[in-house]
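Contents: one structure, followed by commentary.
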Protein chains: 2
Amino acid sequence: MNARSGLPPEVEPVASVLAEIPLFRVLGADGIRSTARAGVARRYRSGQIIFHQGDPGESLFVLLDGLVKVVFTTEHGDEIVLNMLGRGDTFGEMALLDGSPRSASIVTVRPAWVFALPRARLLELMREHPGLADEFLRMLGHMVRRLTDQAADLAFLDLGGRLAKLLLQLADKHGQADGVVDLPGLTQSDLAALIGASRPAVNRALQSLVSRNLISVQGRTITLLDVAALRKRGGL
Amino acid sequence: MNARSGLPPEVEPVASVLAEIPLFRVLGADGIRSTARAGVARRYRSGQIIFHQGDPGESLFVLLDGLVKVVFTTEHGDEIVLNMLGRGDTFGEMALLDGSPRSASIVTVRPAWVFALPRARLLELMREHPGLADEFLRMLGHMVRRLTDQAADLAFLDLGGRLAKLLLQLADKHGQADGVVDLPGLTQSDLAALIGASRPAVNRALQSLVSRNLISVQGRTITLLDVAALRKRGGL
DNA sequence: TCGGGAATGTGACGCAGACCACACCTTCTC
DNA sequence: GAGAAGGTGTGGTCTGCGTCACATTCCCGA
């Protein structure tokens with residue numbers, strides 16, 4: 001068995017995380033409580049697959065804690081990492097929209113605590129709280145913008161630029177306040193898959209940033225030393 | 001003045017095109033009629049800009065006829081063409097979701113006949129016809145999938161593969177039944193911007209496909225001669 | 001605590017495709 | 001119908017980065 005069942009229902013801790021998420025905040029305290037009861041929370045270890053691209057999808061997931069990557073695999077087995085998700089992020093929205101299969105896989109990078117909300121229950125919630133549907137649309141809009149940017153980056157930025165931009169994004173979203181990006185479990189191969197490059201090339205680009213004092217690397221911890229220069233390198 | 005006003009309201013012809021579009025079909029004949037009355041139809045010449053990236057966006061657009069490209073421009077002026085849209089396609093959805101500025105520009109490639117539906121009116125329609133909101137979500141899902149594919153293609157396919165795949169898509173969406181892709185106004189520069197490549201490189205890739213008898217080119221008309229081989233080249 | 005498999009750092013090689021430059025040919029415009 | 005403007009076909013050069021190959025170091029699990 002890969003995952004422990006969420007029973008007994010840890011309603012309160014789940015609800016308290018949901019309350020932090022803008023998407024669910026519109027539901028109010030009561031709505032959040034009943035939402036927490038309507039789904040199941042599970043824990044996963046590092047490197048586990050929460051769902052596979054191609055699976056039927058009948059739930060929306062909320063990452064209550066941990067770190068996961070969204071992996072898109074081509075027919076030939078090549079992988080691109082579309083996004084890294086952290087506490088409070090949701091995934092699995094896509095398959096809910098049109099009932100189509102999962103468009104990507106979700107793999108835990110660090111131990112994760114995940115809440116699954118069945119599609120039917122989500123639709124009910126949307127009907128009761130029109131604000132939730134609005135938030136959902138907003139989120140999709142954000143997703144479309146991100147993907148558009150990613151495509152433009154692949155087309156126009158060189159590897160070093162994409163890496164610089166990625167490090168800034170990771171620091172912003174998952175890093176500590178002082179520009180330290182410490183993501184245990186996130187390998188250089190993952191970085192490579194995030195920017196569509198080979199692993200050796202990423203290594204060299206990292207070294208190059210180190211040699212110019214834009215970042216420092218100790219083990220798997222990366223510290224951003226010169227944010228301004230990194231932004232410039234990333235075309236911002 | 002770039003565009004002629006849509007007055008007098010050509011309600012019937014507009015309604016008859018709207019009736020062809022799955023998104024609006026859920027409204028029924030009456031709903032479509034009243035939708036047609038709620039917006040404005042305009043005509044544009046080739047090469048005109050319907051709206052600019054960064055503009056405020058308060059309308060959903062339906063392309064009643066013609067051909068337009070969706071152009072995303074970076075801060076440095078580099079352009080990538082995100083999509084080619086034809087009769088029955090919609091655009092401008094993004095800015096409606098969250099009221100943010102237009103995320104891309106729309107440029108006519110051929111003369112276009114365009115219907116603009118104000119955001120407020122669309123939201124009303126969605127309230128009256130929940131099916132419309134469902135269709136809308138479905139459409140967004142499709143958009144996300146397309147962008148994901150585009151990112152994966154940029155990361156994994158070489159220029160020739162991306163071009164082959166693009167030609168298949170264009171033939172499928174805008175071409176004639178016999179594999180003839182005749183898109184007046186669509187230049188090799190446009191093709192290049194669609195696949196994130198330089199114009200000379202696209203030219204050479206086209207020549208290469210011609211020399212292998214996968215396509216033939218006469219002027220601006222491209223005929224797909226060997227769809228199976230093209231699919232293979234495009235990684236399908 | 002130790003062993004082994006994974007992750008990291010580097011070197012060498014080759015080539016796809018960007019960039020520049022220019023000649024030819026079409027297609028609008030007046 | 002002539003000129004201008006833009007699109008197309010090709011050549012040459014250069015470099016970023018993929019690929020293969022390997023040594024070194026790290027880290028997790030027994």
Side-chain angles (χ1 to χ4, degrees), chain A residues 45-48 69 74 76-81 107-111 153-164 166 182-211 215-222 233 235, chain B residues 45-48 69 74 76-81 107-111 153-164 166 182-211 215-222 233 235:
Chain A
R45 306 169 151 272
S46 265
Q48 289 191 294
K69 54 182 176 180
T74 69
H76 307 303
D78 296 319
E79 295 189 346
I80 184 173
V81 175
V107 182
T108 55
V109 168
R110 271 190 283 171
D153 291 347
L154 280 166
F156 298 123
L157 259 51
D158 66 1
L159 191 154
R162 301 203 299 278
L163 181 62
L166 172 66
D182 185 13
L183 297 177
L186 192 74
T187 67
Q188 292 184 359
S189 298
D190 289 325
L191 295 179
L194 272 160
I195 59 177
S198 71
R199 201 271 312 161
V202 165
N203 185 302
R204 274 185 258 262
L206 280 172
Q207 301 308 326
S208 158
L209 293 176
V210 169
S211 74
I215 63 171
S216 74
V217 179
Q218 299 117 39
R220 216 159 272 174
T221 302
I222 297 170
R233 188 72 241 278
Chain B
R45 306 169 150 272
S46 266
Q48 289 191 294
K69 54 183 175 181
T74 69
H76 306 304
D78 297 319
E79 296 188 346
I80 184 172
V81 175
V107 182
T108 54
V109 168
R110 271 190 282 171
D153 290 347
L154 280 166
F156 298 123
L157 259 51
D158 67 1
L159 191 154
R162 301 203 300 277
L163 181 62
L166 172 66
D182 184 13
L183 297 177
L186 191 74
T187 67
Q188 292 185 357
S189 298
D190 289 325
L191 295 179
L194 273 160
I195 61 177
S198 70
R199 203 269 313 160
V202 166
N203 184 306
R204 276 185 256 263
L206 280 172
Q207 303 307 327
S208 158
L209 293 177
V210 169
S211 73
I215 64 170
S216 74
V217 179
Q218 298 116 41
R220 218 158 273 175
T221 302
I222 298 169
R233 188 71 238 279

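Just so you know, these numbers use all the heavy atoms, side chains as well, and skip hydrogens, waters and symmetry mates. Every chain is numbered from 1 and lettered A, B, ... according to where its sequence line falls, protein lines coming before strand lines.
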Could you state the atom-to-atom distance from CG of B/Leu154 to P of D/dC17 in whole Å?
14 Å
Whole-Å gap separating C1' (C/dC19) and CG (B/Leu159)
14 Å
Closest to the side chain of A/Pro200, out of D/dT19, C/dT8, C/dA18, is D/dT19
If you look at every strand shown and take non-hydrogen atoms under 4.0 Å, does B/Thr187 touch a base, only sugar-phosphate, or nothing?
sugar-phosphate
When you check the phosphate oxygens OP1 and OP2 of C/dA6, does a side-chain N or O of A/Gln188 lie under 4.0 Å from one of them?
no
For A/Ile195 and D/dG16, give me the distance from atom CD1 to atom C1', rounded to whole Å.
13 Å
Where the side chain of B/Arg162 meets the backbone of B/Gly196, is there a donor-acceptor pair that is under 3.5 Å apart?
yes
Nearest of D/dC17, C/dG9, C/dG17 to any side-chain atom of A/Arg199?
C/dG9
Within less than 4.0 Å of OP1 or OP2 of D/dT8, is there a side-chain N or O belonging to B/Arg220?
yes
Correct closest heavy-atom pair for A/Ala205 and A/Leu159 would be CB-CD2, 3.5 Å
Nearest whole angstrom, please: distance from the C1' of C/dT26 to the CD of B/Gln218.
16 Å
Ignoring the backbone of A/Asn203, work out which of C/dG9, D/dG18, D/dG9 is nearest its side chain.
C/dG9
Of all heavy-atom pairs linking A/Val202 and A/Leu163, the shortest is O-CD2, 4.1 Å
Closest non-hydrogen atom pair between A/Leu166 and A/Leu191, with its separation
CD2-CD2, 3.8 Å
Which part of the nucleic acid does A/Arg204 contact within heavy-atom distance under 4.0 Å: base, sugar-phosphate only, or nothing?
base
Let me know the distance between CG of A/Asp190 and P of C/dA6, rounded to the nearest Å.
15 Å
Rounded to whole angstroms, how far apart are CG on A/Leu183 and P on C/dA7?
15 Å
Can any side-chain N or O of A/Thr108 pair as donor or acceptor with the backbone N or O of A/Gln48 at less than 3.5 Å?
yes
5'-most contact on DNA chain D: B/Leu186 or A/Ala201, nearest heavy atom basis?
B/Leu186
How many whole angstroms separate atom NE2 of B/His76 from atom C1' of C/dA18?
17 Å
Once you round it to whole Å, what is the distance between P of C/dC19 and CG of A/Asp158?
11 Å
Starting at the 5' end of DNA chain D, which residue's closest nucleotide do you reach first, A/Ser198 or A/Gly219?
A/Ser198
